[in-house]
Amino acid sequence: MRDCKIVSRKFELPNSHTLEVSKAHGGYKTLEKLREHSPLEIIDIIKASNLRGKGGGGAPAGEKWELMPQNSLKPSFLAVNCDESEPGTFKDRQIITKDPHLLIEGILITCYAIRAKHAYIYIRGEYKQFQDILQGAIDEAYEDGLLKECDITVHRGAGAYICGEKSALLESMEGKRGHPRLKPKQKEPEWFFDNPTLVNNVETIATVPFIVQNGADAYRAFGTEQSPGTLLFSMSGHVQKPGVYEAEFGTSMMEYIRHFGGGVKGGKKLKAVIPGGVSCGVLTAEECENLTLDYEALRCMRSSLGTGGMILMDEDTDMVVALKNILEFYHEESCGQCTPCREGTGWSDKLVAKILEKKGTKEDLNKLLEIADTMNGKTICVFAPAASAVIVDFMRKFRDEFEAKL
Amino acid sequence: MSEMIDIIVDSQSYKVQNGSLLIDLLIKEKIKVPYFCYHESLGADGNCRMCMVEIEGQKRPQIACDTFIKPGMIIRSKGENIEKVRTDILELELINHPVDCPICDQAGECSLQEFYMEYGLHDSKISISEKVKHSKHLDLGSNVMLDQERCVLCARCTRFTDKITYTHELGIIGRGDEAKVTTMPGRKLDNPYAMNVVDLCPVGALTSKDFRFAQRVWFLQTVDSICHGCAKGCNIYIDHNKIKYQDDVIYRFRPRRNDNVNGFFICDAGRLSYKQLQENRLESAILNGEKITQMQAIAKAKELLAKHKENITVVIDANLYTEEIEAILAFAKELNAKVCSPKEVYRDESFKDDMLRSSNRAANYKTIERLNIDTKEPDSSSLILNFNHPQDFEATSVINFLTHNRLSLGLSLPIAAYSENEGTLTNEDGFTQKCEKAIFKNVPIPTIIEHLIRLRR
């Protein structure tokens, strides 16, 4: 397996979060050459690299950058999404604690490209101790004069999963309730107090310095044609060595688990994997056998790569309990805006609880699928469709376990 | 203005403005789509997900309140698929609803009930004990009571205080099925338009303390009228009912949409002004504090008119209907009397705001202006005929024509209030609007015009 550390290059260094160590190992180097390019050229480099958003959706980042107006009378903003709340995902916090200066460097490049003078980092409320490290790095950068042309403000969320959705994030930053907005009918930037705003994930921004420094081709040398580059994949659950390990797209899932994770915990057999945080459809061990970790391969399996946060489940896992666990999360975190999600997540949670108590009937199983159907594709954001897909996948692939509990 | 284009809804063609909202067309053409959260005054919020329609070429059903019309659109609002979607969402909407219609004031004018009859009709699959419990009677202030369990979280009320009154008292707290409407911490719902949230609420979550448990809405009769609270002339509905042998009673005023005048709303002062129409009414003629009959009163009035015919002043209330004012003017001309309508008493700067409320608290002062009636205080006269003007006047003799009891000497004759009569008013912006007769009393009180006829005989 090829060694490919783009974002995690400095993670292992002692005191990697300090400006001194960062600069000693090539941090902020790109800024020296940055002015040789025009902002549009930077965007072209990002487009040529086919950098895909690393927050879960995998949308091409360059296309998003392009939507930002280059000569707007209104100020432009960058909002960096660090509201990392997807269960099974813990990669962004590695970046902000191990190499926050890489993120700041990425922010400076991005702000130059989209002509923004102010960047916000929206950090999840629970990340207080990581926020302190990040803020320390920003303070260092201010003292060093790196942030003369661009301000960075860390905005702490209040602990709602939905605020990781980009429009809900901006609503929350505006001081409102974190509700996703209705989607625009044409392609346009996001809006922060009616000003054009780019929202990108921490890891996406942290990848930018490498691409600008080494060129699009150097990035495309990793990964597959359609999913170029690397991702901070992570593992949790029944695995020997859980953690975050950077790998290129297209790596074999099982090889990744063996190489970095040391296989399933206790030498047990693998039963299922949720490939990228709980919003992605569950995969059985057989399905994972020849699977590669890239957006296209996962889509073929009717799942998705998501954030690359794999949750492994061994042979002793009770899938009904696992589903209950996930549904509790959805029940708790639904923002309550759209009817199908607000009521559907709660009701399905209650139904699975009923099945676990052995009070369920066959009708309840059918009702569960019916609720999943109503939640799918009928809401403002993709929270309910994700919950729906989870229910459907668990029921489809492990129906016998549900029926055994009736 | 964008161009007019053709689109097809349920195999029928409609001409409609390019880029306008689909749901507006559906509402205008009375094509039935269920919806809770959309309101023409508040715009789309897209949270109830009920107004789903099928659009040809789109894989999934779309909400009509967030669909902008484009040329060549083919839309289906009916059919098995789309009705199944509505049924399923409605079932979810009802899953935590207490279904306490028998004790709910909204029953009979509740969107949830209507849609259930149209699309639901299913049995509940969840027992009452499993439902999420919230507070059932929260006094929000300003006569508004909240039942959080009945709420469908359409956010119309919160959007009203955010976008219309800019007072921001209401908000939603909690997530998922624990989400509920409440006031901001330490605040009460407190603005002069607060009770409009009761009309906006599509279900029985927000009810008016004033109307709660007073009447079943299906017993009420509704009449179009105009609020007399100020010169704005807000359009209202008068909801009234006459129970068996009792007198006809007004139970509430509700705003009636008129985009030229008041839009969708009325102020709370106007809404509650119905009470004044029923309290402390003058019901029989009074001479120097003693009750007398109508016949005696008319005879006495004729006697006074004959005695003082050289020096009579007629004072007119600027709240009277135009027809009444014109009849009084004609009568005054016959008597050769001076006419005035002192206007200072109507001015109330503290009442004025930048929404609907006007500082001029006379519903028909425009007509007084149009007819060139003197707005100064009357000169000294030997006889004053006061047609319900709020001031009292000094003269040798006074004949009052009053709707309400007043401590005044001389002769007082009762007259019908505006709800017991019909006529027109011209508001401060020059719109002439009609009020219908709402109340038919068991013992009718004569109108001014009826009095004038008798005085002439």
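Each chain gets a letter, A, B and so on, in the order the sequences are listed, and its residues count up from 1.
Below 4.5 Å, heavy atoms of chain A meet no heavy atom from residues 99-114 of chain B.
Sorted by first and then second residue, the side chain to side chain donor-acceptor pair (under 3.5 Å) pairs involving residues 57-68 of chain B (not counting sequence neighbours) are K185(A)-D66(B).
Between V132(B) and K350(A), some side-chain heavy-atom pair lies under the 4.5 Å cut-off.
Counting non-hydrogen atoms of neighbouring residues, nucleotides and ligands closer than 6.0 angstrom, the NZ atom of K359(A) reaches no more than 12 such neighbours. Counting non-hydrogen atoms of other residues, nucleotides and ligands closer than 6.0 Å to NZ of K28(B) gives a total of 12 or fewer. Within 6.0 Å of CZ in R299(A) there are 12 or fewer heavy atoms belonging to other residues, nucleotides or ligands. Within a 6.0 Å radius of NZ in K133(B), other residues, nucleotides and ligands contribute more than 12 heavy atoms. Within 6.0 Å of CG in L121(B) there are more than 12 heavy atoms belonging to other residues, nucleotides or ligands.
Between I380(A) and G46(B), the closest heavy-atom pair is CD1-O, 3.3 Å. For the residue pair G174(B) and R177(A), the shortest heavy atom distance occurs at O-NH2, 2.7 Å. Across all non-hydrogen atoms, the minimal contact from R175(B) to G159(A) is NH1-O, 3.3 Å. Of all the heavy atoms in I63(B) and L182(A), the pair that sits closest is CD1-CD2, 4.4 Å.
Of the inter-residue distances, the one linking E91(B) atom CD with E343(A) atom CD reads 11.5 Å to the nearest 0.5 angstrom. In this structure, SG on C154(B) lies 12.0 Å from CD on Q337(A), to the nearest 0.5 angstrom. Between atom NZ of residue K367(A) and atom NZ of residue K125(B) there is a gap of 4.0 Å, rounded to the nearest 0.5 Å. Interatomic distance, D177(B) CG to D349(A) CG, rounded to the nearest 0.5 Å: 8.5 Å.
Heavy-atom distances place no part of M50(B) under 4.5 Å from chain A, backbone and side chain included. No part of E363(A) comes within reach of chain B, as not one of its non-hydrogen atoms sits under 4.5 angstrom from that chain. Only the backbone of K183(A) comes within less than 4.5 Å of a heavy atom in chain B; its side chain stays farther off. For a residue to count as touching a neighbouring chain, one of its non-hydrogen atoms must lie under 4.5 Å from one of that chain's; by this rule D45(B) touches chain A with backbone and side chain alike. Heavy-atom distances place both the backbone and the side chain of L153(B) under 4.5 Å from chain A. Only the side chain of I126(B) has a heavy atom closer than 4.5 Å to any heavy atom of chain A.
Ranking M375(A), E333(A), E370(A) against chain B, the residue ahead of the rest is E333(A), based on heavy-atom pairs under 4.5 Å. Interface remark: of the candidates T379(A), T345(A), I162(A), D373(A), T379(A) forms the most heavy-atom pairs closer than 4.5 Å to chain B.
Listed for the R49(B) side chain is no donor-acceptor partner under 3.5 Å among the backbone atoms of T339(A). The closest donor-acceptor contact from the side chain of R342(A) to the backbone of L92(B) lies at 3.5 Å or more, if one exists at all.
Applying side-chain contact (heavy atoms from CB on, under 4.5 Å) to T374(A) and the options T87(B), I89(B), V85(B) leaves one that passes, I89(B).
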